[in-house]
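Notes for the one structure printed next.
Only heavy atoms go into these numbers, but all of them, side chains included; no hydrogens, no water, no symmetry mates. As the structure lists them, so they are numbered: ligands from 1, and atoms in each ligand from 1. Count residues from 1 along the sequence.
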Amino acid sequence: MAEQRRDQLFATPQKKTTRFVFDERVADVFADMIARSVPGYATIVQQCGELAARFVRSNSRCYDLGCSLGATTLSMAQNMPTQGTRIIAVDNAPAMIDHCKRILDEYRPNVSVSLVQGDICETAIENASMAALNFTLQFIAPEKRSSLLARIYHGLNSGGCLIVSEKIQVQPPELDVLMIELHHQFKRTQGYSDLEISQKRDAIENVLIPETLTTHLQRLSDVGFKSASVWFQCYNFCSIIAIK
Ligand code: GEK
C-alpha cells in the first residue's frame, strides 16, 4: 500500500478532550491506526477476500459500507469474480474518500469500483451478493442500526452474506474488564503509550458505541437473516457472518 504514516495523534498531552472525528489528520494515518488498534484486523480484511470468492456471484454487486481507505474493497476485488460485478464502496468522511480514491487509482483493481461519499443509512442496496460492515456499525446511532440492517437484508440476494465486524461489549461484565485490559495490552505491544491509549479512549467514548454479541445476533435475526454466527474473535473484537 502507499506510504503509511505512523499514528501519533494522541501522543502529546491534550488540554481538553476533543471528540474523535474522521478528518484529514485521521485519514492520513488511518492504515497504521487501525492495524495497531484492532486485534485481528488484517485477518478479518484478508478473510473478506476468501468470503468474496465463495459468496460473490457474477452480475451482482458487493458493498463495502464505511470503506475508509478501501482495504476491504481491495481484498474482495482481488478474490471475487469479475464478470458483471461491481463494488460500491461508501464512506461519509470526505478525507477518507479522498485518500481511498488515491489508493484505488494506484492499485487499479480488476473489478469496477464505485466510490461514493455518503451516509450508509441512505445508500441504496440492490442486487447484492455480499456486503461488509467492517467496524462501521459501531459508529451508527444505535436507534438507526435496525433499519440499516433491514435495508441491507432487503438488498441482498438469496444466499448472499453480510459481514459485521465490531468492537463488542463482552458479557459478563468481569470478562469485559479483562478483555478491555487485554486490548490495551495489545495496543502497548503495538507501540502505543499509556497516554495515547487513555486520550484515544476518552476521544472515542460516545462516538464508538459497542453492543453485546447477543444484541447483534438478535438484531440480525429480527431483520430476517436465517443464520448468523461469529466466525472470528480476538478479545472484544469480533466478526459475524449472516446469510440471507
Ligand atoms: C476497513 N471498513 O478498513 N456513513 C458512511 N460512513 C460512515 C458513517 C456513515 N453514517 N459513519 C461512520 N462512517 C474499514 C474501517 S472505520 C473503523 C472502517 C474505525 C465511516 C467513517 O468515516 C470511517 O471511515 C468508517 O466508517 C469506520 O475495513 O475507524 O474503527
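- A donor-acceptor distance shorter than 3.5 angstrom exists from the side chain of R145 to the backbone of L137, with no hydrogens or angles considered.
- Only the side chain of Q138 comes within 4.0 Å of ligand 1, counting heavy atoms alone; its backbone N, CA, C and O stay farther away.
- Here the straight-line distance linking atom OG of S193 with atom CZ of F10 works out to 11.5 Å at 0.5 Å rounding.
- In the vicinity of A93, heavy-atom distances shorter than 4.0 Å reach the ligand 1 atoms 22 (O).
- Polar contact with ligand 1: absent for F30 (N/O pair, distance under 3.5 Å).
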List the atom pairs, donor and acceptor, that lie under 3.5 Å between side-chain atoms in residues 117-124 and the rest of the protein, sequence neighbours left out.
| from | atom 1 | to | atom 2 | distance (Å) |
| --- | --- | --- | --- | --- |
| D119 | OD1 | C121 | N | 2.8 |
| T123 | OG1 | D119 | O | 3.1 |

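- For ligand 1, the atoms lying closer than 4.0 Å to a non-hydrogen atom of N134 are 2 (N), 14 (C), 15 (C), 18 (C), 28 (O).
- For R151, the salt bridge (charged side-chain N to carboxylate O under 4.0 Å, His left out) criterion is met by no residue, not counting sequence neighbours.
- Within 6.0 Å of NZ on K101 lie no more than 12 heavy atoms contributed by other residues, nucleotides or ligands.
- Not a single N or O atom of M96, backbone or side chain, sits closer than 3.5 Å to an N or O atom of ligand 1.
- Atom 4 (N) of ligand 1 has I120 N, 3.0 Å as its closest protein atom, hydrogens excluded (heavy atom only).
- Each of K187, R188, R201 was scored for a salt bridge (Lys or Arg N to Asp or Glu O under 4.0 Å) with D194, with one residue passing: R188.
- When heavy-atom distances to ligand 1 are checked against a 4.0 Å cut-off, I140 comes that close only through its side chain, counted from C-beta outward.
- Using a 4.0 Å cut-off between heavy atoms, F135 contacts ligand 1 through both its backbone and its side chain.
- F135 and Y41 have tilted rings, their planes meeting at an angle from 30° to 60° on a 0 to 90° scale.
- Aromatic ring orientation, F22 versus F20: perpendicular (interplanar angle above 60°, classes split at 30° and 60°).
- The side-chain heavy atoms of V113 and D64, taken from C-beta on, include no pair separated by under 4.5 Å.
- Annotation: atom 13 (N) of ligand 1 to nearest protein heavy atom, N92 OD1, 3.5 Å.
- Atoms of ligand 1 lying under 4.0 Å from at least one heavy atom of D119, given by number and element, are 4 (N), 9 (C), 10 (N).
- Side-chain atoms of N110 and T82 include no donor-acceptor pair closer than 3.5 Å.
- Heavy atoms of G118 approach ligand 1 to within less than 4.0 angstrom.
- Residue-to-ligand polar distances keep D64 apart from ligand 1: every N/O pair is separated by 3.5 Å or more.
- Looking only at heavy atoms of the protein, atom 19 (C) of ligand 1 is closest to F139 CE1, 3.5 Å.
- When hydrogens are left out, the protein atom nearest atom 14 (C) of ligand 1 is G66 O, 3.3 Å; that is the closest non-hydrogen contact.
- Heavy-atom contacts of T136 reach the following atoms of ligand 1: 18 (C), 26 (O) (cutoff under 4.0 Å).
- No single ILVMFWY cluster, assembled from side-chain heavy atoms under 4.5 Å apart, contains both I168 and F232.
- Not a single heavy atom of K167 sits under 4.0 Å from any atom of ligand 1.
- For atom 23 (C) of ligand 1, the choice among D91, I97, V26 with the nearest heavy atom turns out to be D91.
- Inter-residue side-chain proximity for I125 and H154 is flagged as unmet; no heavy-atom pair is nearer than 4.5 Å.
- Of all the atoms in ligand 1, the ones that sit under 4.0 Å from a non-hydrogen atom of T72 are 28 (O).
- With respect to atom 1 (C) of ligand 1, the closest heavy atom belonging to the protein is Y41 OH, 3.4 Å.
- Here the protein heavy atom with the shortest distance to atom 15 (C) of ligand 1 is S68 OG, 3.3 Å.
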